[in-house]
Amino acid sequence: MDRDQLIEEIKKQILEEIKGAASPLTDKISDEQKAEMMEMKNTLETSVKENPWMAVGIAALCGFMIGRLIYRRND
């Protein structure tokens, strides 16, 4: 077995493990909750498409706040 085949086999095994772990979680979510989440996702996508600069600004603000929380100067 060469390197590429080995990598593909490892990828396949990892994907199977992830699917096996996620399966019990998705089975517990009701159809009502799935529909609600899809509606929320679609609303968010529409908002971002209509106001892309606001989405960029919010993302930049979140990044700034996380950076401030992680890096605190000791004056």
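- Met37 pairs by the side-chain contact (heavy atoms from CB on, under 4.5 Å) definition with Met40, not counting sequence neighbours.
- Under a 4.5 Å side-chain heavy-atom cut-off, the cluster of Ile, Leu, Val, Met, Phe, Trp and Tyr residues that includes Ile58 is completed by Met54.
- Counting non-hydrogen atoms of other residues, nucleotides and ligands closer than 6.0 Å to CD of Glu32 gives a total of 12 or fewer.
- Residue pairs meeting the salt bridge (Lys or Arg N to Asp or Glu O under 4.0 Å) criterion with at least one member in residues 40-54, sequence neighbours excluded, are Lys41-Glu45.
- Summarising the geometry, atom CD1 belonging to Ile70 is positioned 12.0 Å from atom CE belonging to Met65; distances are rounded to the nearest 0.5 Å.
- In this structure, the separation between CD on Gln33 and CG on Asp31 is 9.5 Å, given to the nearest 0.5 Å.
- Hydrophobic cluster membership of Trp53, counting Ile, Leu, Val, Met, Phe, Trp and Tyr whose side-chain heavy atoms lie under 4.5 Å apart directly or via other members: Val56.
- Taking the side-chain contact (heavy atoms from CB on, under 4.5 Å) definition, one finds that Asp4 meets it with Asp2, sequence neighbours left out.
- Under the rule for a side-chain contact (heavy atoms from CB on, under 4.5 Å), the partners of Val48 that lie at least two apart in sequence or sit in another chain are Leu44, Ala55.
- Listed by chain and number, the hydrophobic cluster partners of Ile7 come to none, as no ILVMFWY side chain reaches under 4.5 Å of it.
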Please table the atom pairs, donor to acceptor, closer than 3.5 Å between any side-chain atom in residues 9-16 and protein atoms at least two apart or in another chain.
residue : atom : partner : partner atom : Å
Glu9    : OE2  : Gln13   : NE2          : 3.4

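- By the 4.5 Å side-chain criterion applied to Ile, Leu, Val, Met, Phe, Trp and Tyr, Ile29 is assigned to no cluster and stands alone.
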